[in-house]
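All remarks here apply to the structure that follows.
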Amino acid sequence: MFALPHLDLPPLRGAAGTVRLPGSKSISNRVLLLAGLAEGTTEIHDLLDSDDTRVMLQALRALGCSLERLEADGAVLRVQGLGGRLRVREAELFLGNAGTAMRPLAAALAVLAATQGGCFELRGVPRMHERPIGDLVDALRPLGCRIDELGTPGYPPLRVSGQAGGRLATRQPIRVRGDVSSQFLTALLLALPLVSDAGDVVVEVEGELISKPYVEITLALLARFGIQVQRAGWSRFTIPQGSRYRTPGRIHVEGDASSASYFVALGAIAALDAPVRIEGVGRDSIQGDIAFLDAAAAMGAQVHAGPNWIEVRRGRWPLQAIELDCNAIPDAAMTLAVMALYAQGTTRLSGIASWRVKETDRITAMAAELGRLGAQVDSGDDFIAVTPPAQWRAAALATYDDHRMAMCLSLAAFNPLAGAKPPVPIRIEDPGCVAKTFPDYFETLFGIVQADPAEVPVIAVDGPSASGKGTLAAALAQRLGWHLLDSGAVYRALALAALRQGVVPEDEPALLRLAAALDLRFEGERVWLGGEEIGDELRREETGAMASRVAALPAVRRALHALQLSFHRAPGLVADGRDMGTVVFPGAALKVFLTASAAERAKRRHKQLISKGIDTKITTLLADIEARDARDRSRSAAPLRAAEDALQLDNSQLGIDESVELVLQWWRQRNPLDRGR
Ligand code: C5P
């Protein structure tokens, strides 16, 4: 999904199955920083691998921490900590749009530079430079930290610097505002143990502390690293004198509770027959967003949860509109705003002023995008109120480089369940922004959703051998973010299975048994047969010849029909091969029949073979291709023939990119989300 300009979701009608969540972003980045500051080695299990953790890892590496992925299992990272001693005195750190990296690193480096000497610059993407950090700077400066704002006062980029031997004024309480972002308090709590030698360090919060559960995560993780912060209510925190980060040795990152919210909502909206099961996070979570379960249940979800799993089914329907103060679950609250599309009445979420200083101004963004779908939205400084659409509209939804906008809004595709007439597809702009916390979000979602096949678009690509249809189909699938069916590979896989088991093409019953048991898995252009990767063997000449013989048997073709249909899943399918547009997907939204002159195809095949170091004569290849064309056209089972409604594309004179563009243009003319734009 990374480089896609947009991803179109067809109307979706159900969901069931199990998902495993990636690690929590909040826990991952805190654990990374603590492991980086601690003495000794920490093995981190199930760390989130995403944009926000990557910038933290790069920063730690730049600061001289040694990081090692353990061979056997990429999910384990070994961090050799600094033991509170700066190894590198100067660095420029790029922290993307990761608040969970910017704030704590700024605080830690400010106190380290002030006492041990050094100079560090912290920057991010332009949006990071619009996200406030002034309250943290104001808390640290009175201690004696030198912090220069390199752009707008109160915002990153920052330079923190100091001389070795500096002392910090930690005797009096350190005051920090808590009503803009709880990350400032978190940053201080994570950093100040570094300067607790002279006595207890006290942090006092001014104003009402928001997002308290995130501070609880901080305290829980500090405890895992040997630091027992004493807390008096939510306004006074004491770090005991002589606190030292001690590695727990091994630490496990639980699944992201905010990410869980999309699948909890999915269950509440669309799990009609069987539950949506979420693994990796559950009742025992230290993440505040787990309280989202109660909010979802209040809206009607049927929730069962164990220590580290959650199961959700639809309960009440339509959902129940709620009024809720979401101060404690600011991130997951966005999901409630989208669940509101499926509720009876108006859902009013308050206590969400912090939405305005997140990845984007989330109140404005959410109001605008839900409005595009036809919902009635009212919003103010710290609330949003959503009434479901009277008439759903197909819409292209902007995501503002905000992962949570993209993930939340995808749930609008279930509009048929809200009775949308007609059901509408939706477009998610820049879907790759989910990489901030959940790079595989859409793949995970599509893995457990159900759609009406008639509403899931198919593009069928056919053409004679060596016309380049496989290359074209793969490129189209990639550009659209759709599944790919290389039907030739299905016949080749059966042929390979037959060759391996000594089944001859005349033994139809044995071939049919093999076809029924064919355990095939495709991932992009890689293919597995019974768990073994078979890409190379599939392409062998001998396999192709056998494929051509088994494919000529009508019973074999029928036996493989259902397998091919199973590729027809949301968000869409590009199917390449002989009878895709005529037999397997006669209702395909677009059928392309690729042609190129035999001479041109012979030239291409020649070039391909030469590049593989295989020496052949072009005239021999031309004769082969002409003979194969004649055979393919005249064979009785699935002869080579363009579907009547196929668009012919002669690519003799076109490069692959031009062919792809042309087909995409044809698709846009038929796509309801593009027509009229
Ligand atoms: O396209 P490819 O060379 O991989 O196809 C392998 C064999 O399977 C060819 O002989 C082709 O004619 C046959 N085939 C078919 N129907 C399809 C796809 C491929 O008969 N849908």
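Since the model is a prediction, treat every value here as computed from it, not as a measurement. Just so it is clear, the values below take in all heavy atoms, side chains as well, and ignore hydrogens, waters and symmetry mates. Remember, it's 1-based here, ligands and their atoms both numbered in the order they're listed.
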D430 side chain vs D401 backbone, donor-acceptor pair below 3.5 Å: no
Considering only non-hydrogen protein atoms, determine which one is nearest to atom 2 (P) of ligand 1 and report residue, atom name and distance to 0.1 Å. R492 NE, 3.5 Å
Note the single closest protein heavy atom to atom 14 (N) of ligand 1, along with its residue, its atom name and the distance in Å. Y491 CD1, 3.8 Å
Are side-chain N/O atoms of R404 and Y262 paired as donor and acceptor at under 3.5 Å? yes
What residue and heavy atom of the protein are closest to atom 9 (C) of ligand 1, and at what distance? R628 NH2, 4.2 Å
Who's closest to atom 17 (C) of ligand 1 heavy-atom-wise, of R578, R635, R539, R631? R578
Counting non-hydrogen protein atoms only, what is the nearest one to atom 16 (N) of ligand 1? Give residue, atom name and distance. R557 NH2, 2.8 Å
Residues in side chain to side chain donor-acceptor pair (under 3.5 Å) contact with Q58, at least two apart in sequence or another chain: none
Keeping Q564 on the side-chain end and L560 on the backbone end, is there a donor-acceptor pair under 3.5 Å? yes
Could you walk me through whether S50 and D52 satisfy the side-chain hydrogen bond (donor to acceptor under 3.5 Å, both in side chains) test, starting with their C-alpha distance in whole Å, then the side-chain angles of each, then the deciding distance to 0.1 Å, before giving a yes or no? CA-CA 6 Å; S50 74; D52 278 13; 5.6 Å; no
Distance-only donor-acceptor check, side chains E429 and Y400, under 3.5 Å: no
Look at atom 21 (N) of ligand 1 and say which protein heavy atom is nearest, naming residue and atom and giving the distance to 0.1 Å. S487 OG, 2.8 Å
Starting from atom 13 (C) of ligand 1, locate the nearest protein heavy atom and write down its residue, its atom name and how far away it is, to 0.1 Å. A551 CB, 3.8 Å
Please tell me if the side chains of V281 and N308 come closer than 4.5 Å, counting only heavy atoms from C-beta onward. no
Protein contact to atom 5 (O) of ligand 1 [nearest heavy atom, distance to 0.1 Å]: G488 CA, 3.5 Å
In this structure, atom 7 (C) of ligand 1 is nearest to the protein heavy atom A547 CB, 3.8 Å
